[in-house]
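Since the structure comes first, as structure tokens, the remarks are kept for the end.
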Number of protein chains: 2
Amino acid sequence: MHDALTDSKALLIRRWGELGGYWGISRTMAEIHALLFVTGEPLCTDDVMAQLHVSRGNASMNLRGLTDWGLVQRVHKLGDRKEYFQADTDVWHMFETITRERRRREVEPIIATIDRCREMVAQLDSREDRAADETRGFCRRLDELRGFLTTMGALFELALRFGPTGVAQLAPLIQAASGQPGPRGPTPAAAPRAAAARTGSKRAKTRARRPRR
Amino acid sequence: MHDALTDSKALLIRRWGELGGYWGISRTMAEIHALLFVTGEPLCTDDVMAQLHVSRGNASMNLRGLTDWGLVQRVHKLGDRKEYFQADTDVWHMFETITRERRRREVEPIIATIDRCREMVAQLDSREDRAADETRGFCRRLDELRGFLTTMGALFELALRFGPTGVAQLAPLIQAASGQPGPRGPTPAAAPRAAAARTGSKRAKTRARRPRR
DNA sequence: GGTATCTTTCCGACAATTCTGAAACAACGC
DNA sequence: GCGTTGTTTCAGAATTGTCGGAAAGATACC
């Protein structure tokens, strides 16, 4: 090899890129982000084009997408007309940006939908017709889902407030918690099913394929 | 309308489906999951085909995908040869399943990649060549990223241990925290940039388009 | 073993996303 | 104003992903 550093960066960029696919982010966008992240220094469009072998249009579009996410910022160098792009290298701050953006784009719309669904069946709720049970069950699940989403939102908010060091300090709690049966909240539905289903999901990945061929 | 309950379910299913796209999950898979979730009762392949207007092959593939995720379980009814599928309706447990699965599929591989990247530049690290600064910066970011991932993993682990009610009890803390300047951990890099960048990202979504046309 | 019933896989067709290259656009200096 | 430099957009091409229907496979019951 001629340059271990370059190879190492390339490896991370590639992996980060394919990971982007899992997250509904285009591979190129993720790769550009990774490139800017590992580089640390501001890069211009031509740098991105050269290092990632993408077209100018593609680079431009995705760089704009990244700035729209707030993950990348435009910077200018004195005496240079080119626009440079620099990634946020503070990982925790990156997380904050992504969290807020995803909440705005995804969580809030789904909560609005849940509320609307709830309204649609509100009048049925009190009536005593054949579908009363079904309706009640549906509403219960709707409410649980909504509660979960807001609770998770609150947890993230809290995590952001505590910051990286704050959350890191919580780690020892895990050790303590895993020693005892667990201070798990008394949720009637959750506790009994947890153990059984967990082993089930574990088996799923290694279970024998359907007896075929 | 002839059935508000049906319409309400359909709405949630549709929204849930399009949300799936953001998460690298196919729309149909998300819709099937939503259908099973809102129904609560076990459904067979034909039910899914009829209610979602998808082919048998498509339904079969995605139902299997969901069971592989551990979000849906096969159930059998006595005296019926058909296989039925039932979604986990405990939202918190669903979250646990998804968290563990995503960690296994995504977080662990990226951590392995980071470690490998770290090894690749390990020998360069000590040398005193021209790229020493660059290498040091790269390694620092690598370490930060790795630390963040493990910390978040720990946080999720903790959240799962506390369970829904446990986390919900944390909510009041947020109110308390938002009153004061914030007990945010003393992270040299994070604090100063947070305010500026946040307004930046907010402006991004409403900012004036490029002066065009 | 044979048949009926249900499930899974395969592959061509279709749809959506992503990428490229070129043209249009803006900014700057002369 | 006009050329130079750099950026953004757009339409079509290419890639990728998803779906439907049919054929093959598995299982239970007779």
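It should be emphasised that the depicted structure is a prediction, and the values quoted were computed from it without experimental measurement. Throughout, protein chains are lettered first and strands after them, A, B, ... in sequence-line order, and every chain is numbered starting at 1. The analysis underlying the following values was restricted to heavy atoms, covering all of them including side chains, and did not include hydrogens, waters or symmetry mates.
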- Query: Is the phosphate of D:dT8, meaning OP1 or OP2, less than 4.0 Å from a side-chain N or O of A:R74?
  - Reply: yes
- Item | Out of D:dT4, D:dT8, C:dC19, whichever nucleotide has its closest atom nearest the side chain of A:S26 | C:dC19
- Task: Starting from C1' on C:dC11, measure out to CZ on B:R56 and report it in whole angstrom.
- Result: 19 Å
- Which of these nucleotides, C:dT18, C:dT8, D:dT7, is closest to any side-chain atom of A:D46? D:dT7
- Task: Assign each of A:S55 and B:F85 to its nearest nucleotide of DNA chain C by heavy atoms, then name whichever residue's nucleotide is nearer the 5' end.
- Result: B:F85
- Task: Would you please classify the geometry between the A:W16 ring and the A:F37 ring as parallel, tilted or perpendicular, with 30° and 60° separating the classes?
- Result: parallel
- salt_bridge(B:E144, B:R141) N-O dist < 4.0 Å: no
- Length of the line joining B:N62:CG and D:dG20:P, which is rounded to integer Å: 10 Å
- Query: Between C:dC19, D:dG21, D:dT8, which nucleotide has the shortest distance from any of its atoms to the side chain of A:E83?
  - Reply: D:dT8
- Query: Is the shortest side-chain N/O distance from A:R64 to OP1 or OP2 of D:dT9 below 4.0 Å?
  - Reply: yes
- Message: Can you confirm whether B:R140 sits close enough to B:R136 that some side-chain heavy atom of one is under 4.5 Å from a side-chain heavy atom of the other?
- Response: no
- In whole angstroms, how far is the C1' atom of D:dT9 from the CG atom of A:N58? 13 Å
- Query: How close or far is atom P of C:dT18 from atom CD1 of A:I32, stated in whole angstroms?
  - Reply: 13 Å
- Length of the line joining B:M49:CE and C:dT8:C1', which is rounded to integer Å: 13 Å
- Note on the structure: Whole-Å distance, A:L63 CG to C:dC19 P, equals 13 Å
- Phosphate oxygens OP1/OP2 of C:dT7: is one of them under 4.0 Å from a side-chain N or O of B:T45? yes
- Item | Interatomic distance, A:H53 NE2 vs C:dT18 C1' [rounded to whole Å] | 18 Å
- Task: Output yes when B:E96 and B:R100 qualify as a salt bridge under the 4.0 Å nitrogen-oxygen rule, no when they do not.
- Result: yes
- Pairing of A:E106 and B:R15 as salt bridge, 4.0 angstrom limit: no
- Message: I want to verify a distance call: between D:dT5, C:dT9, C:dT20, whose nearest atom is closest to the A:R81 side chain?
- Response: D:dT5
- Task: Calculate the interatomic distance between A:E31 atom CD and C:dC19 atom C1'; express it in whole Å.
- Result: 13 Å
- Task: Output the single nucleotide from C:dC19, C:dT7, C:dT9 whose closest atom is nearest the side chain of B:M61.
- Result: C:dT9
